[in-house]
Structure formats: C-alpha cells, structure tokens
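All ligand and atom numbering here is 1-based and tracks the order in the structure.
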Amino acid sequence: MEFQELLPRRRMVRHYASEPVSRQALERIVATVRRAPSAGYSQGQRLLVVTDPEKRTELAKIMSASGWTTVDDREPWLESAAALVLVCTREDDYHERYQQEDKLAATGGEEVDWPVPFWFVDAGAALMMLLLAAIDEGLAAGLTGVEGAAAVQIRERFGVPADVAIVALVTIGVPAPDPGWSAITSRRTKPRRAPAESVRWESW
Ligand SMILES: Cc1cc2nc3c(=O)[nH]c(=O)nc-3n(C[C@H](O)[C@H](O)[C@H](O)COP(=O)(O)O)c2cc1C
C-alpha cells in the first residue's frame, strides 16, 4: 500500500472481529521493529508478542483490572484482539552502546547527558511501525499505555526481565465497528490540529 493511501487509514481501532490473523502476517508486522530508527543504532526496542488465547485472556484481564481499557457497555477491546504486543525498551542498551569504541570520541567514556530518554523515543518509533504495518496487512491496530500496577503483574506473569521497561501495548486484529470507544477518544470528537498550529517554519 502506498504511504499516502495508508496514512489516512491510521487510527486506533479498539474492537476486532473474531477472524483469525495469520502467523505470517503477524511475523511481518513485528519484524518491522528492525527497520525502526534507534539512537546510536542502540536497537533497544523489544517486543513481546502474545497470541495464545489463554495468555491473551490473562493479559487482557490484568490490563482491565487497572481500569485503563475497560469501561462497561463499550466494545471489548483487548479481549477481541488476535495479538497483543507489548512494546518494551532496554535502557541499558543505550548506556552500553554509547561506551563502545566508535562513540568514545563523542562521549569521552563519560555517561551521556541524555537530552531526552532516547530509549522511550525509539520505543515510540517502533510502535508506530507496528501501527502502520498492521494497516499494510489489511488489519487494524490500537494502542494503550500500561498502568504501573498492571506492568508489575505483566512482568511477573510473562517473565519480562527487570532491565526491560514496558512502554505500551499494541493490539492487532481484523477491525470491527468500535463506535463507543471512538466517540470518546478519537478524532471524531475533535478535529486534528491544523498543520499551522503544530508546525512552525523557520522560527518559532
Ligand atoms: C503513548 C500513548 C498512550 C495511549 N494510551 C491510550 C489508552 O490508554 N487508552 C486509549 O484508549 N487510547 C490510548 N492512546 C490512543 C490515543 O487516545 C489516540 O492515539 C488519540 O486519541 C488519537 O486518535 P487516533 O490515534 O485514532 O488518531 C494512546 C496513545 C499514545 C500515543
């Protein structure tokens, strides 16, 4: 699909049909993480893909208990997705990478004074790849943050190592109507900012 065709289709979908999604399609979607940019080519992004129905249910329950994703009388969201992808980042990859030989001229062997946490920036770039790749496969995707207590439980249950931070959860599946959620959080309730509001040229 051409980028100009794909981009207008990009929106968070929070309800999916029960149709299965092929393993091959999911593999292509998650493989896009290797094409995402990363600071210093640190490649700190990590994904945990959950497709097993029992595990998905368990993960959805942990998330729902946090209250972030479930409100009565709306479409089931996490529960209906064919795949739940935890987008994670390993900060130490960045600290380690910037102490490597080819970075020493820039860092002098000192810890970098990070202008912003690049590991979270890169996780954002990675999740955008997933959101777009899902559409390219004829599927849909959504995104939710992961509340702190839920992250602790997920870490424990799914074995996420201590040096890997959970950044967000991406849902992937065959799209189904989602009027309830979309009415609340999507662009249907307010217009996207005009480029002139978000973008300055030449000086602020
Ligand atoms: C970091 C991040 C966290 C988000 N967390 C949630 C969330 O917890 N629940 C939710 O329904 N949507 C969440 N969203 C989706 C946004 O609400 C959505 O992107 C925004 O409303 C714009 O709608 P659109 O993506 O459909 O264009 C999140 C998006 C981002 C980037």
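Residue A168 places no heavy atom under 4.0 Å from ligand 1.
Proximity to R11 (heavy-atom distance under 4.0 Å) selects the following atoms of ligand 1: 26 (O).
Between W114 and Y94, the ring planes are perpendicular. Angles over 60° get that label, and only those under 30° would be called parallel.
With a heavy-atom cut-off of 4.0 Å, W77 touches ligand 1 through its side chain alone.
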(Q) Could you walk me through whether H95 and Q99 satisfy the side chain to side chain donor-acceptor pair (under 3.5 Å) test, starting with their C-alpha distance in whole Å, then the side-chain angles of each, then the deciding distance to 0.1 Å, before giving a yes or no? (A) CA-CA 7 Å; H95 301 298; Q99 297 308 320; over 6 Å; no
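Taking the charged nitrogens against the carboxylate oxygens, R192 and E197 have no contact shorter than 4.0 Å, which rules out a salt bridge.
Counting heavy atoms from C-beta on, the side chains of D93 and R46 come closer than 4.5 Å.
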